[in-house]
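Here the structure is laid out as structure tokens; the discussion comes afterwards.
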Amino acid sequence: SAEELDSPETAEKLEEIKTALAYGEIIGLPTETVYGLAGDARNPEAIQKIFQAKGRPQDNPLIVHIHSIDQLEEFAEIPDERVLKLMRTFWPGPISFILPLKGDHIAAKTVADLRSVAVRMPSHPVGLKILEYTGIPLAAPSANISGKPSPTDYRHVVDDLKGKMYGVVNSTPADYGIESTVLDCTTFPYQIARPGEIKKSDLERVLDSEIKVHEGDASQPISPGMKYKHYAPKQPLVLIEGIVMAQTLAAEKEGRKIGVIAPESFREVVPEEVEFISLCQKEDDYREAAKNLYGALRKMDKSDVDMIYIYRFRETPFSAALLNRIYKATGDVMIKGDKAN
Ligand code: TXA
Ligand code: MG
């Protein structure tokens, strides 16, 4: 039965978590991106529990979380000094590196039988403290049921996984709200497999060389998880241009109950009977929008609206990660000005 674990301020609570993990239990772990569902990456039984609890396809590998670069010695190759430089610059923080796997320390299930492994050192003080105290490399995918939005609040973890884990650490809401950047370092130039808070330009500034962004078709993902539908609420979710918001919603009046997820400034153009959730105060505050996105999708999912419109943010390097998640959630269904009526 799932319990909420108080955020471990004391050695006693840390000891309880350590014991649970050592016995192959899985726990909800706070990180600065989203909550993870963590288990010992070396223990196939713990890993099996993670896949089962999430309903995750077995061919989708997990990210292994660490507290020190030295831990990599046991299970991954650092291909060259440049990768080390990136780790030293951005860790602890919201970026994962895919590295060549070494030895058999990590369970084959953790990496879905690949010969590479994704690793991350999170900056969330509680998550990091648990990694330090236990010393266990923790495999942790996002702590949601597969296909649902990732959890940004410990209550989301309870909603999805109650009864399927030892417990969730009830800490603060996630700072960033979308998952880490995933950088594939098994080939050169390194390639962004999943966009996140750490952007191409941030990486290029440190390396002084080119970083590629993977934009292949969905059938050839370098990050296996990217091929699955993600982050979607139960209702149809449609992108909408701000400019046609008012007229589209006016035309929708009859019959269906509509939800709108958009920046605060749209509240006033939305009819009163529409369920409105604000993502951010300013239209270009992509960070605030990212932080609130999954919570908004979850709230709509629980509500009685029949369909949801979500505001189409402008495309800039700063909105890339946010738009990536929104496009995946909508499946690119979109209303443009000319199709509004
Ligand atoms: O921010 C995050 O990364 C969160 C927190 C909990 O750390 N974790 C997370 O894990 O988002 P998950 O499992 O939901 O997403 C991991 C992504 C998937 O798209 C997976 O396919 C990819 O990373 N991945 C993991 N290992 C890989 C590998 N060896 N090769 C290619 N892709 C890999
Ligand atoms: Mg996930």
Side-chain angles (χ1 to χ4, degrees), residues 26-39 41 47 50-51 53-66 75-77 90-102 106 108-124 126-128 130-131 137-152 154 156-157 160-161 168-169 171 174-187 190-198 214 218 220-232 290 294 321 324-325 328-329:
I26 58 177
I27 63 159
L29 183 81
T31 92
E32 73 279 20
T33 54
V34 300
Y35 273 71
L37 183 62
I47 300 311
I50 291 174
F51 278 98
K54 283 179 59 76
R56 182 179 178 105
Q58 301 273 353
D59 66 350
N60 192 3
L62 310 181
I63 296 174
V64 178
H65 296 68
I66 55 173
F75 64 88
E77 309 275 1
F90 295 108
W91 274 357
I95 180 165
S96 304
F97 298 89
I98 301 176
L99 306 175
L101 183 68
K102 191 166 93 180
I106 297 296
K109 274 180 194 296
T110 300
V111 294
D113 289 317
L114 297 174
R115 288 310 298 166
S116 60
V117 58
V119 290
R120 182 162 103 80
M121 187 190 299
S123 64
H124 190 292
V126 175
L128 193 55
I130 290 171
L131 285 158
L138 292 177
S142 50
N144 51 289
I145 298 286
S146 264
K148 278 219 196 181
S150 294
T152 52
Y154 80 89
H156 300 159
V157 182
D160 277 17
L161 299 172
V168 54
V169 178
S171 190
D175 268 346
Y176 294 113
I178 58 177
E179 306 81 352
S180 63
T181 304
V182 176
L183 186 68
D184 185 354
C185 301
T186 62
T187 55
Y190 308 137
Q191 200 172 162
I192 293 180
R194 180 175 72 182
E197 172 67 19
I198 310 287
H214 179 75
Q220 288 295 325
I222 61 171
S223 168
M226 299 297 275
K227 74 178 177 233
Y228 297 106
K229 187 170 176 172
H230 263 85
Y231 325 121
Y294 291 152
N324 171 270
R325 305 315 193 273
K328 282 176 86 59

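Read the numbers this way: they start at 1 and go in the same order the structure lists the ligands and their atoms. Bear in mind that the values here come from a model prediction, so they are computed numbers and not experimental data.
Under the 3.5 Å distance criterion, with hydrogens and angles disregarded, a donor-acceptor pair is assigned to the side chains of Ser180 and Ser96. Between Ser150 and Glu179, the side chains place a donor N or O and an acceptor N or O closer than 3.5 Å (distance only, hydrogens not considered).
In terms of modelled atom types and a separation under 3.5 Å, the side chain of Glu32 and the main chain of Ser123 share a donor-acceptor contact. Between the side chain of Lys54 and the main chain of Ser142, a donor-acceptor pair closer than 3.5 Å is present. A donor-acceptor pair under 3.5 Å links the side-chain atoms of Thr110 to the main chain of Ala41, judged by distance alone.
Atoms of ligand 1 lying under 4.0 Å from any heavy atom of Gly36, numbered from 1 in the order shown and given with element: 6 (C). Of all atoms in ligand 1, numbered sequentially from 1 with element shown, those under 4.0 Å from a heavy atom of Glu179 are 1 (O), 2 (C), 11 (O). Residue contact check: His65 has heavy atoms under 4.0 Å from atoms 5 (C), 6 (C), 7 (O) of ligand 1. Atoms of ligand 1 found under 4.0 Å from any heavy atom of Leu114 (numbered from 1 in listed order, with element): 28 (C), 29 (N), 30 (N). Of all the atoms in ligand 1, the ones that sit under 4.0 Å from a non-hydrogen atom of Ser142 are 8 (N), 9 (C), 10 (O), 12 (P), 14 (O). The ligand atoms of ligand 1 that sit less than 4.0 angstrom from a heavy atom of Ser180 are 1 (O), 2 (C), 3 (O). Here is the list of ligand 1 atoms found below 4.0 Å of a heavy atom in Thr33: 1 (O), 2 (C), 4 (C), 5 (C).
The heavy atom nearest to atom 29 (N) of ligand 1, considering only Ser116, Pro141, Ala143, Ala38, is found in Ser116. Of the listed options Arg120, Arg56, Met121, Glu32, Arg56 places a heavy atom closest to atom 13 (O) of ligand 1.
With contacts defined as side-chain heavy-atom distances shorter than 4.5 Å, the pair Leu101/Leu114 does not qualify. Side-chain atoms of Thr181 and Pro195, non-hydrogen and from C-beta on, never get closer than 4.5 Å to each other. Using a 4.5 Å heavy-atom cutoff, the side chains of Phe75 and Val117 are in contact.
Among the atoms of Ser146, no N, O or S atom is found under 2.8 Å from the Mg ion (ligand 2).
Heavy atoms of Ala140 found under 4.0 angstrom from ligand 1 belong exclusively to the backbone.
Looking at Asn60 next to ligand 1, an N or O pair under 3.5 Å apart turns up.
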